[in-house]
Amino acid sequence: MKCLVTGANGFIGTHLVRYLLDAGHEVRAVDCSEPVGIIADQRLENIRVTQSADDSVSWQAVCQDVEVIFHLAGRAHRGNDSSLSAHSIYFRDNLEVTRVLAEAAREARVRRFVFVSSVGVYGTVSALGEAFREDSLAMPHPNDVYAQSKRAAEEFLLSSDIRTALEPVIVRLPLVYGAGVKGNMAKLMRLAVSGLPLPLAGVDNRRSYINIPNCVDFLLAAACHPGAGGRILLASDKEDVSTADFICKIARASRKTARLFPVSPWLLKMACSLLGQKTRFEKLAGNFQIDPTASCAFLGWSPKVGLVEGIAQMCAKYREA
């Protein structure tokens, strides 16, 4: 099939493009920066768009002859900026661009629209032992502008007009890790191998993750399943671990020793709150679990790469850099 991938030069995008090509599909890779890596394949077409292509003319030609769209492009999470300017930028890049792309896709009779969203639409923490599911919370509670803009885009795609014509599929992802990862996961990896003593041995939380091979495999499964249109799907490695355990696994895969010492989580939380870093504490030491059992059963999908193997692949790439 012929696929359109937006955000094709990003972390998930580059892996997805390679995965689709390896699976025998044609790919039209769209990004606002450089072409996708140095992939030489006659089935790959690179297209560059403006940073914030929120007019339909920019997308109408791009969507022609496409069967499936994987919409990864958007404004990435960048802290807790709640200013009016940040709100405008996030909603332009994550909602308005999605809207005009979906409308252009409908005009071009694209069959399936896979939208990569975030589990951040549920908030920042889950109760211990109470993982979020597809139907958790009749009204999700995104508490930052990034998650709010993602949720708004979900609601637009699931509206009756779009849902009837385009078969949108919403895939909510937890933190994605793997070879070439950037952002918060890259920071955590550098911290884990730094040898610095970290006050996290007393943190017994649980968090869900997904490694990049599982992520792109799940996205393709969501695109191909005939009944997935109009659904919200959750994906993870199905191996929830504590932050301390995750750090130790990174250190072990990097042939380093993690130096963790215990400090009361309550004291850590107080210290972070005093420093204005409450959200950072929640993301590091809080619980955030999702239960993708129903989504996996619906798609007939299971993780192909385990947590330890996924971390090893990530660390091997890090050592090469």
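Because the structure is a prediction, the values reported are computed rather than measured. When a residue number appears, it is its place in the shown sequence, counting from 1.
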> Residues two or more places apart in sequence or in another chain: which of them pass salt bridge (Lys or Arg N to Asp or Glu O under 4.0 Å) with D65?
none
> Y177 vs F246 aromatic rings, parallel, tilted or perpendicular, using cut-offs 30° and 60°?
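Rings of Y177 and F246: perpendicular, over 60°.
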> Check whether K150 reaches the backbone of V116 with its side chain - one donor and one acceptor, N or O, closer than 3.5 Å.
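Pair found, side chain donor or acceptor close to backbone of V116.
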> Side chains of Y122 and L234, heavy atoms from C-beta outward: is any pair under 4.5 Å?
yes
> Tell me whether the rings of H87 and F91 are parallel (<30°), tilted (30 to 60°) or perpendicular (>60°).
parallel
> So if you build clusters from Ile, Leu, Val, Met, Phe, Trp, Tyr with side-chain heavy-atom gaps below 4.5 Å, do M189 and I210 land together?
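They do share one cluster, since a chain of ILVMFWY contacts under 4.5 Å joins M189 to I210.
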> Would you compute the distance between atom OG of S295 and atom CZ of R231 and round it to the nearest 0.5 angstrom?
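Reported value, rounded in 0.5 Å steps: 8.0 Å.
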> Around K269, counting heavy atoms of other residues, nucleotides and ligands shown, do more than 12 lie under 6.0 Å from its NZ?
no
> Between N211 (side chain only) and G178 (backbone N and O only), is there a donor and an acceptor less than 3.5 Å apart?
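No, because the side chain of N211 does not come within donor-acceptor range (under 3.5 Å) of the backbone of G178.
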> To the nearest 0.5 Å, tell me how far L200 CG sits from I247 CD1.
5.0 Å
> Is R172 reaching over with its side chain to a backbone N or O of I232, donor-acceptor style, under 3.5 angstrom?
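No.
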> I need the minimum non-hydrogen distance between P303 and S236, along with the two atoms involved.
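It is CG-O, 3.9 Å.
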> The test is side chain to side chain contact (heavy atoms under 4.5 Å, CB included); show your working for I290 and S126 and say whether it passes.
CA-CA 9 Å; I290 61 171; S126 62; over 6 Å; no
> Is there a side-chain contact between C3 and V17, using heavy atoms and a 4.5 Å cut-off?
no
> Within the side chain of R43, is there an N or O that forms a donor-acceptor pair under 3.5 Å with the backbone of L21?
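Confirmed, R43 side chain pairs with L21 backbone.
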> Are F113 and L157 close enough, and set up right, to give a side chain to side chain contact (heavy atoms under 4.5 Å, CB included), and what steps lead you there?
CA-CA 9 Å; F113 191 105; L157 290 172; 3.9 Å; yes
> Do L16 and V305 belong together in a cluster built from hydrophobic side chains that touch within less than 4.5 Å?
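No; tracing contacts between hydrophobic side chains, which count when under 4.5 Å, never links both residues.
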> Could you state the interatomic distance from CD (E309) to CD1 (I311), rounded to the nearest 0.5 Å?
11.0 Å
> Does W59 reach the side chain of T6, with side-chain heavy atoms less than 4.5 Å apart?
yes
> What I want to check is whether the side chains of N94 and Y146 have a donor and an acceptor closer together than 3.5 Å.
no
> Do you reckon L274 sits in the same ILVMFWY cluster as L284, going by side-chain contacts under 4.5 Å, direct or chained?
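In one cluster: no.
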> What are the two closest heavy atoms between C63 and A108, and how far apart are they?
O-CB, 3.6 Å
> Which heavy atom of A105 sits nearest to which heavy atom of I69, and what is that distance?
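Closest pair (atom of A105, atom of I69, distance): CB-CD1, 3.5 Å.
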> Find the distance between OH (Y19) and SG (C215) and round it off to the nearest 0.5 Å.
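These two atoms lie 11.0 Å from each other.
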> For the backbone of Q60 and the side chain of E107, can you confirm whether one donor and one acceptor N or O come within less than 3.5 Å of each other?
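No.
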> What closest approach, in Å, do P199 and L268 show between heavy atoms, and which atom pair accounts for it?
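In terms of heavy atoms, the two residues are closest at O-CD1, 3.2 Å.
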> Given the rule in the side chain to side chain contact (heavy atoms under 4.5 Å, CB included) test, do R151 and Q148 qualify, once you have shown the distances and angles that lead to the verdict?
CA-CA 5 Å; R151 178 56 182 160; Q148 290 163 5; 5.8 Å; no
> If you group Ile, Leu, Val, Met, Phe, Trp and Tyr by side-chain heavy-atom gaps below 4.5 Å, do V100 and I47 land in one group?
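V100 and I47: one cluster.
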> Taking side chain as C-beta onward, heavy atoms only, is F132 less than 4.5 Å from V119?
no
> When rounded to the nearest 0.5 angstrom, what is the spacing between NE2 in H15 and CG in D22?
12.0 Å
> Is it the case that the side chains of Y90 and D144 hold a donor-acceptor pair, with the cut-off being a distance below 3.5 Å and no angle test?
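No, Y90 and D144 have no side-chain donor paired with an acceptor closer than 3.5 Å.
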> Under the side chain to side chain donor-acceptor pair (under 3.5 Å) rule, what pairs show up with a residue in residues 240-253, not counting sequence neighbours?
N205-T243, S208-D240, D240-Q289, D245-K249
> Any non-hydrogen side-chain atom of I12 less than 4.5 Å from a side-chain atom of F70?
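Side chain of I12 against side chain of F70, heavy atoms only: no contact under 4.5 Å found.
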> Using a 3.5 Å distance criterion without hydrogens, assess whether the side chain of R133 forms a donor-acceptor pair with backbone atoms of D291.
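Side chain of R133 to backbone of D291, a donor-acceptor pair under 3.5 Å: no, none is there.
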> Under 3.5 Å, is there a donor-acceptor pair between the side chain of S254 and the main chain of K256?
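Side chain of S254 to backbone of K256: no pair is present.
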> Are any side-chain N or O atoms of R163 and backbone N or O atoms of P168, one a donor and one an acceptor, separated by less than 3.5 Å?
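A pair under 3.5 Å: no.
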> Can you name the residues that form a side chain to side chain contact (heavy atoms under 4.5 Å, CB included) with R106, not counting sequence neighbours?
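Once residues adjacent in sequence are excluded, the partners of R106 under the side chain to side chain contact (heavy atoms under 4.5 Å, CB included) criterion are E103, D161, I162, A165.
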> Are the side chains of V181 and V176 in contact, using a 4.5 Å heavy-atom criterion?
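A side-chain contact is absent here, since even the closest heavy-atom pair is not under 4.5 Å.
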> Do the side chain of T14 and the main chain of N9 share a donor and acceptor less than 3.5 angstrom apart?
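No: the side chain of T14 does not pair with the backbone of N9.
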> Under 4.5 Å between side-chain heavy atoms, counting indirect links through other Ile/Leu/Val/Met/Phe/Trp/Tyr residues: same cluster for V125 and V121 or not?
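In one cluster with V125: V121, no.
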> If the test is side chain to side chain donor-acceptor pair (under 3.5 Å), which one of E167, E67, H225 qualifies with R112?
E167
> Minimum heavy-atom separation for A102 and L166, please, with both atom names.
O-CD2, 3.7 Å
> How about K238 and C296: do any of their side-chain heavy atoms sit closer than 4.5 Å?
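The answer is yes; the side chains approach within 4.5 Å.
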> Kindly indicate whether the side chain of L233, heavy atoms from C-beta on, has any atom under 4.5 Å from the side chain of E134.
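When only atoms from C-beta onward are counted, E134 and L233 do not touch, as no gap falls below 4.5 Å.
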> Tell me the closest heavy-atom pair linking A73 and G7, and the distance in Å.
CB-N, 3.5 Å
> Is it true that a side-chain atom of S117 and a backbone atom of I170 form a donor plus acceptor pair closer than 3.5 Å?
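Not confirmed, S117 side chain does not pair with I170 backbone.
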> Walk me through it: do R259 and L196 pass the test side chain to side chain contact (heavy atoms under 4.5 Å, CB included)?
CA-CA 6 Å; R259 299 177 63 192; L196 294 172; over 6 Å; no
> What's the spacing between L4 CG and E45 CD if we round to 0.5 Å?
9.5 Å
